[in-house]
Amino acid sequence: MASSDGNPFQWLGLLKWSLAYSDGTRPSGDVKPMNKDDIEFLEKVMKEGIIDEGERMKSILKDLTDSLETMLGANITADGNDDGGGESKQEEKRKELDEDDMLELFQELRDIVEQIDYARAFMAMGGIPFLLGCATYQTTGNDGATDRTIPKSIRKGALGVLSTMCQNNPPVQLSLLEHGHMPQLIQLFLDYTPGNDCGNEGNDSIREKAVQALSASIRGHAMAEHIFCQNKEGMVMMQIGLGMQQQKSNTTTKPSAQLRKRTLFLLRALLTSDDATNERHAQFEKLISFTCTHGIDERWEEDAEIRELGLAMLTQLLRHTPKQTDPPSKGEKVSKIILQHKIYIGAIGVERIGAIRNLEEGSEDREYATLELEEWEALMVALVEARK
């Protein structure tokens, strides 16, 4: 995905500028000679190999930037411009890592930004546009560079870091909103959906990572949840992720179990959020109904964990209490959406509960199905209570 101003390498240039002018935030002052105790402490630190995480992040990002420039055939200056292939004064110092080495650096970076403070420091370095660029960059035009693109593994590595750093981190979630990440990640999902218009081969692993990053950036952030729920392409993405498009077209290929699970996890988070309203539930009526008729039925959904997640979501929704601020005219109670399918749910529920109870006590199959049995029993009770 190229930048809006026509410069496809701006996301690399922004990071180079940040790294070039970052001073580590340490105050300058008079240098004093070290005493014996200071020397001994320094030697101990060097022996134990204590790493300055902030400096390490800068080093990792510098190496990744240099390697991506080489990979994409670009020579980016610190202001984000391509110098046309001219030699840089520091060209001989540039690192050119292979794909495996770059993935190791992304994993190390992900480990660092698990800590909230380091995630925010990474954001201050210009890391967000860099990660979004890595994940969504697409070559355009007929200048001979259309074959230079970012490998799928690198895209997934960038998405993994993005997911980790924004998880339960409101300042990072807000910064992602300001960078317009939702349309970019939704488009990335669609670009790797089978039958896409851009010629990419369908790839569930990239779509899984895109949904994971979106989910981590949205959950628990009221503004982000609201904006996503208004996005029509986001709704299409979730329908595809759950397998609704496959069911409509009657094809044999479903999205991967991991993709269906991540999509359902995001759906549950949006519908059971503290900020969920009747209006929001009404927006997702088709997805709720699909869960009632397909997502909990083992004849369609063979993955037990996904069925358990769907059952738990429906039970939670049946017991949902609308917000006091919910206007009466803005959608019906979510329980009414589910109760439209009560006969079907009851029929498959009785059948499934009986089948699990008939499994031999103490057997591996019975142990494996215990949680699903508990979820089915809870849903059946919730259905009865909701009808009162």
Side-chain angles (χ1 to χ4, degrees), residues 160 163 194 202-209 211-212 215-216 219 238-272 284 286-320 334-335 337-387:
S163 300
N203 189 295
D204 275 356
S205 61
I206 287 184
R207 296 197 294 168
E208 291 163 14
K209 290 291 186 181
V211 172
Q212 181 185 32
S215 182
R219 297 194 318 271
M238 295 190 69
Q239 291 177 354
I240 294 173
L242 286 179
M244 291 176 66
Q245 301 297 324
Q246 178 270 341
Q247 183 269 335
K248 289 179 181 178
S249 60
N250 199 30
T251 60
T252 57
T253 304
K254 279 194 292 193
S256 68
Q258 186 69 1
L259 176 53
R260 301 198 305 275
K261 190 181 303 180
R262 291 199 187 283
T263 306
L264 184 58
F265 185 80
L266 173 57
L267 176 64
R268 181 182 181 183
L270 291 171
L271 297 179
T272 61
F284 288 93
K286 291 181 179 179
L287 284 80
I288 296 171
S289 293
F290 181 81
T291 303
C292 292
T293 58
H294 291 76
I296 60 175
D297 189 344
E298 67 167 345
R299 290 170 293 187
W300 193 89
E301 181 50 75
E302 66 278 4
D303 190 285
E305 289 186 25
I306 297 177
R307 295 197 303 271
E308 292 161 8
L309 184 60
L311 291 165
M313 181 186 78
L314 295 178
T315 300
Q316 196 170 354
L317 289 175
L318 284 169
R319 293 169 175 167
H320 172 78
V334 67
S335 59
I337 299 174
I338 300 172
L339 288 174
Q340 293 173 2
H341 308 282
K342 61 183 182 293
I343 296 176
Y344 184 80
I345 294 174
I348 61 174
V350 169
E351 180 182 346
R352 184 60 182 153
I353 289 171
I356 295 175
R357 286 178 176 171
N358 286 331
L359 294 173
E360 182 181 351
E361 284 287 348
S363 67
E364 185 177 341
D365 289 342
R366 179 62 185 267
E367 289 296 322
Y368 183 72
T370 297
L371 182 55
E372 184 181 357
L373 175 61
E374 293 173 355
E375 295 293 356
W376 265 116
E377 291 173 341
L379 178 57
M380 299 296 272
V381 171
L383 278 171
V384 173
E385 293 175 345
R387 295 172 64 183

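Numbers for residues simply follow the sequence, beginning at 1.
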Let me confirm one number: the CD-CH2 distance from Glu372 to Trp376, rounded to the nearest 0.5 Å.
8.0 Å
Quick one: does Met238's side chain get under 4.5 Å of Phe284's, heavy atoms only?
yes
When rounded to the nearest 0.5 angstrom, what distance separates CD1 in Ile338 from CG in Leu383?
7.5 Å
With the side chain counted from C-beta on, respond yes when His294 and Asp297 share a heavy-atom pair under 4.5 Å apart, and no when they do not.
no
Could you tell me whether Lys261 and Glu305 have a side-chain N and a carboxylate O separated by less than 4.0 Å?
yes
Could you go through the side-chain hydrogen bond (donor to acceptor under 3.5 Å, both in side chains) check for Asn203 and Ser205 one step at a time?
CA-CA 6 Å; Asn203 189 295; Ser205 61; 2.5 Å; yes
Decide side chain to side chain contact (heavy atoms under 4.5 Å, CB included) for Glu361 and Arg366; before the verdict, give the C-alpha distance in whole Å, the side-chain angles of both, and the deciding distance to 0.1 Å.
CA-CA 6 Å; Glu361 284 287 348; Arg366 179 62 185 267; 3.1 Å; yes
Hey, what do you get for CD (Glu385) to CG (Leu318), rounding to the nearest 0.5 Å?
9.0 Å
Is any side-chain heavy atom of Arg352 closer than 4.5 Å to one of Leu373?
no
Start with the C-alpha gap between Glu375 and Thr315, add the side-chain angles, then the distance that decides, and say whether side-chain hydrogen bond (donor to acceptor under 3.5 Å, both in side chains) holds.
CA-CA 8 Å; Glu375 295 293 356; Thr315 300; 5.0 Å; no
For Ile288 and Leu267, what are the C-alpha separation, side-chain angles and deciding distance, and is it a side chain to side chain contact (heavy atoms under 4.5 Å, CB included)?
CA-CA 9 Å; Ile288 296 171; Leu267 176 64; 5.5 Å; no
Within-4.5 Å side-chain heavy-atom neighbours: Leu270 and Arg219:
no
Taking atom CG of Leu264 and atom CG of Leu309, what is their separation to the nearest 0.5 Å?
4.0 Å
Sorted by chain and number, sequence neighbours left out, side chain to side chain contact (heavy atoms under 4.5 Å, CB included) with Ala257 holds for Arg260, Asp303, Ile306
What heavy-atom pair brings Gly243 and Trp300 nearest, and what distance separates the two atoms?
O-CZ2, 3.8 Å
CZ on Arg262 to OG on Ser215, rounded to 0.5 Å
8.5 Å
Side-chain touch Gln316/Arg268, heavy atoms, less than 4.5 angstrom:
yes
Quick one: closest heavy-atom pair of Ser163 and Lys209, and the distance?
OG-O, 4.4 Å
Any Ser335 side-chain heavy atom under 4.5 Å of Leu317 side chain:
no
Determine whether Leu287 and Gln239 satisfy the following criterion, side chain to side chain contact (heavy atoms under 4.5 Å, CB included), listing intermediate values before the conclusion.
CA-CA 7 Å; Leu287 284 80; Gln239 291 177 354; 3.9 Å; yes
4.5 Å side-chain heavy-atom contact, Lys254 and Leu259
no
Enter the distance from Asp204:CG to Thr253:OG1 here, rounded to the nearest 0.5 Å.
9.5 Å
Hey, is Arg307 close enough to Glu302 for a salt bridge, meaning N to O under 4.0 Å?
no
In sequence, state the C-alpha distance, the side-chain angles, and the governing distance for Ile296 and Glu301, and then conclude on side chain to side chain contact (heavy atoms under 4.5 Å, CB included).
CA-CA 7 Å; Ile296 60 175; Glu301 181 50 75; over 6 Å; no
Closest non-hydrogen atoms of Ala369 and Leu359, given as atom of the first, atom of the second and distance, are CB-CD1, 4.3 Å
Can you find a heavy atom in the side chain of His320 that is under 4.5 Å from one in the side chain of Thr272?
no
Decide whether His341 and Ser289 meet the rule of one side-chain donor and one side-chain acceptor closer than 3.5 Å.
yes
